[in-house]
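As a basis for the values below, the full set of heavy atoms in this structure was taken, side chains included, without hydrogen atoms, waters or symmetry mates. Positions are given from 1, in the same order as the sequence printed here. Both counts, for ligands and for their atoms, begin at 1 and track the order of listing.
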Amino acid sequence: MSDPRTIIAALQSCNTILISVHKSPDGDALGSQLALMLALEKMGKTVTAHNLDPVPEIYRFLPHQARIASGPVVTGRFDAMIVLDSDPPRTGLFAGDYPAAKLINIDHHITNPRLWPLTWLDAAASATGEMIYKLLLEAGLPIDRDMALCLYTSIFTDTGSFRYSNTSPECMRISATLLEAGADPWLVTENVYESYSFNRLKLLGTVLGDMERSPDKRMAWVVVTDELFHKTGTTAEDTDNFVNYVRSVSGVEVAILFRQTAQKQYKISLRSKGRVDLSSLAQALGGGGHKNAAGSTLDGTLEDIKRKVLGEVAKVILSQMGN
Ligand code: 5GP
Ligand code: MN
């Protein structure tokens, strides 16, 4: 296991650096990536930011986001590659053959297998952005307004606007510093939570209209199919946060979103209210995440995947909460 000091030392001799984050990037991943990119450039490094998936519409207010390239092909070799907010395979890039001499992984997911020698994992960090803040502090790099906005976005989105259990005194202190450095909180709120497309809300209405729950009412779920995306003129990024509505039902302990990703493939998003730990279950299903928020992608028909996932979640609820 590595730490900020070791990572800074390892980067000293590197000139060209590639930074990548997980597929379907979120506010934490993108905020961390951009803040680190800007900081490394201040140190005189040549930085390439490249992810499998493009920056979602709601995050296009982030400074310099247009510099993040996307797609399955990354050309060139780099002195170092840094993967943020996920384990390296979840970038969906390179199939294990990474184009750099030094491989660095900075993440806060407890399920990260920690396979790279330069892995700094802090499962207690509210967001990867909190870790990047500490890295910059350790490196003695001043945080300018753009970097502050990026890191504030990381922490604000990954804590569910300072509502989830990962909200800590420390992340609030850091956020206060970021506001002092010039981050505009309403700019983030308006773009991330008050700029939904009309079609997204129509999709939400349809999806919630078909919400189901288990007989004991402790498990509830919704499904989004390709057909529904087509019918409503929406895409995967329009389902971001849908699962939280399902969790918000009184009595529900675990909420599940099944989102179609291919003809016979579904991404599942799992959310718990805190009495059920979902991280091991998600890992057993080939994915990962945190205690209260985890996910995976499964191959099969909707019917088979639903039967399997609902069965496994029911077992976990029973074993951790009893009858
Ligand atoms: P979401 O359901 O919003 O996609 O993800 C919830 C949490 O679980 C996030 O922290 C995300 O990084 C993690 N997660 C979601 N899907 C996967 C997956 O397939 N593999 C891993 N390792 N983590 C995932
Ligand atoms: Mn994160």
Nearest to [atom], what protein heavy atom do you find, and at what distance?
atom                    : result
atom 19 (O) of ligand 1 : Ser296 CA, 3.5 Å
atom 14 (N) of ligand 1 : Gly288 O, 3.5 Å
atom 7 (C) of ligand 1  : Ala293 O, 3.4 Å
atom 8 (O) of ligand 1  : Ala294 CA, 3.2 Å
atom 17 (C) of ligand 1 : Gly295 O, 3.2 Å

Per-atom contacts of ligand 1 with [X], taking only distances under 4.0 Å to non-hydrogen atoms:
X      : result
His290 : 10 (O)
Lys267 : 1 (P), 2 (O), 4 (O), 15 (C), 16 (N)
Asp87  : 22 (N)
Ser269 : 1 (P), 2 (O), 4 (O)
His109 : 9 (C), 10 (O), 11 (C), 12 (O)
Gly289 : 8 (O), 13 (C), 23 (N)
Gly287 : 18 (C), 19 (O), 20 (N), 21 (C), 22 (N)

Is the shortest heavy-atom distance from the side chain of [X] to the side chain of [Y] under 4.5 Å?
X      : Y      : value
Arg213 : Arg218 : no
Val21  : Thr91  : no
Tyr193 : Ser161 : yes

For this session: Record the part of Arg90 in heavy-atom contact with ligand 1 below 4.0 Å; permitted values are side chain, backbone, both and neither.
Result: side chain

Regarding [X], does it place an N, O or S atom less than 2.8 Å from the Mn ion (ligand 2)?
X      : value
Asp26  : no
Asp107 : no
His109 : no

Tell me, which N, O or S atom in [X] is closest to the Mn ion (ligand 2)?
X      : value
Asp28  : OD2
Asp158 : OD2
His108 : NE2
Asp85  : OD1

Can a donor-acceptor pair be found, under 3.5 Å and without considering hydrogens, that links the side chain of [X] to the backbone of [Y]?
X      : Y      : answer
Thr128 : Leu84  : no
Lys45  : Leu11  : yes
Arg200 : Asp240 : yes

Exercise. Closer than 4.0 angstrom: is that true for some heavy atom of Arg271 and an atom of ligand 1?
Worked result: yes

Problem set entry | Proximity flag Ser86 to ligand 1, non-hydrogen atoms under 4.0 Å | no

Problem set entry | Heavy atoms of other groups near Glu227 CD, more than 12 under 6.0 Å | no

Will you find, in the side chains of [X] and [Y], an N or O donor that is under 3.5 Å from an N or O acceptor?
X      : Y      : value
Thr301 : Lys306 : no
His108 : Asp85  : yes
Asn199 : Ser197 : no
Ser32  : Asp28  : yes
Asp107 : Asn112 : yes

For this session: State whether Tyr152 and Arg145 meet the cation-pi test: NZ (Lys) or CZ (Arg) under 6.0 Å from the six-membered ring centroid, and within 45° of the perpendicular axis.
Result: no

